[in-house]
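Remember, it's 1-based here, ligands and their atoms both numbered in the order they're listed.
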Amino acid sequence: MTLKLSRRAALVGGAALPFAAGLALGLGPARAAAEMKGASTPLHYRFSLGGFEVTTLCAGMGPMENPQETFGLNATPEEFAEVSAAAFVPADRSLNTFTPTVVNTGSELVLFDTGLNAAGTLAALEDAGYTADQIDVVVITHMHGDHIGGLATEGTLTFPNARYVTGAVENNHWAASGNENYERLITPIADQFTYLDDGGTVSSGITAMAAYGHTPGHFIYHLESEGQRLVLTADLANHAVWSIGRPDWEVRFDMDKAAAIATRQRVLGMLAADRVPFVAYHLPSPSVGFVEVDGEGFRHVPVGYQLLLNS
Ligand SMILES: [Zn+2]
């Protein structure tokens, strides 16, 4: 700033020189050194979709070391390094984001997934101008801990007025698995859930689509209002370069890796063909973008101002 001022002052000419000289001598306006704040990112991002309003919440972020232990299990280290470098991302570390999404349909406030814990999701929800008791419906895309973790804290429900929706196949898998998170977070409210089949409806304009592989009953959700469309892709593809760029790369957390790859290729192909925007749960905030076909995979195009033009 000082440098720019000095250059500008020099260009303006003689009259400004005493001001520039004063800055250099520390005789300018008094100012304290500002504290360093650390990196930050917005906690929410909102846009219209026909008669809906959609808000993505940044409920948390976490660094990841050695990402090839998670992504690109079937790629060589050289290939992984090459693909990363070409896309301007380091190959030895990454940053994971957790993105629940709120959809206001005009008659109901619907939350998709609940984050790792209630605290992160509630902080972002509050930042977005909503309170927990306003949530009418909680939709669980699949039952990994980073999606159901925010349902309750020590037995107290986070969203006291909500009904719950999830996929029947997903629920049946986890109910039979002896999973600790399931028994702690889902079992106590099992009778408050509606269990959907592929193509089932959460509310008008919000439709479940089977996208199996990441988990046995993983659902994504198609939103359509007044002709405008958006897909919430949950954990279909969890990295812009290593998963959207290379949908054929195996991912540690995909329970059926071959099915997950086939599902990624099918759904990303649809999103590219239809040029539909989508929200990806683990992509960097605001987690919204588009895809186009690119070589062996797809290129992720992070959202610009396009959706902010919606009305
Ligand atoms: Zn996840």
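The ring of Tyr212 has its center no closer than 6.0 angstrom to the ring center of His142.
Among the backbone and side-chain atoms of His144, no N/O/S atom is found under 2.8 Å from the Zn ion (ligand 1). Counting backbone and side-chain atoms alike, His142 contributes no N/O/S atom closer than 2.8 Å to the Zn ion (ligand 1).
Summary: NE2 is the N/O/S atom of His147 found nearest to the Zn ion (ligand 1).
Put simply, the side chain of Arg252 gets close to the backbone of Glu69: a donor and an acceptor are under 3.5 Å apart.
Rounded to 10°, the angle formed at the Zn ion (ligand 1) by Asp146 OD2 and Asp235 OD2 is 170°.
In the model, His282 has a side-chain atom that pairs as donor or acceptor with a side-chain atom of Asp146 under 3.5 Å.
Of the residues Asp113, Asp235, Thr101, the one that meets the side-chain hydrogen bond (donor to acceptor under 3.5 Å, both in side chains) test with Thr141 is Asp113.
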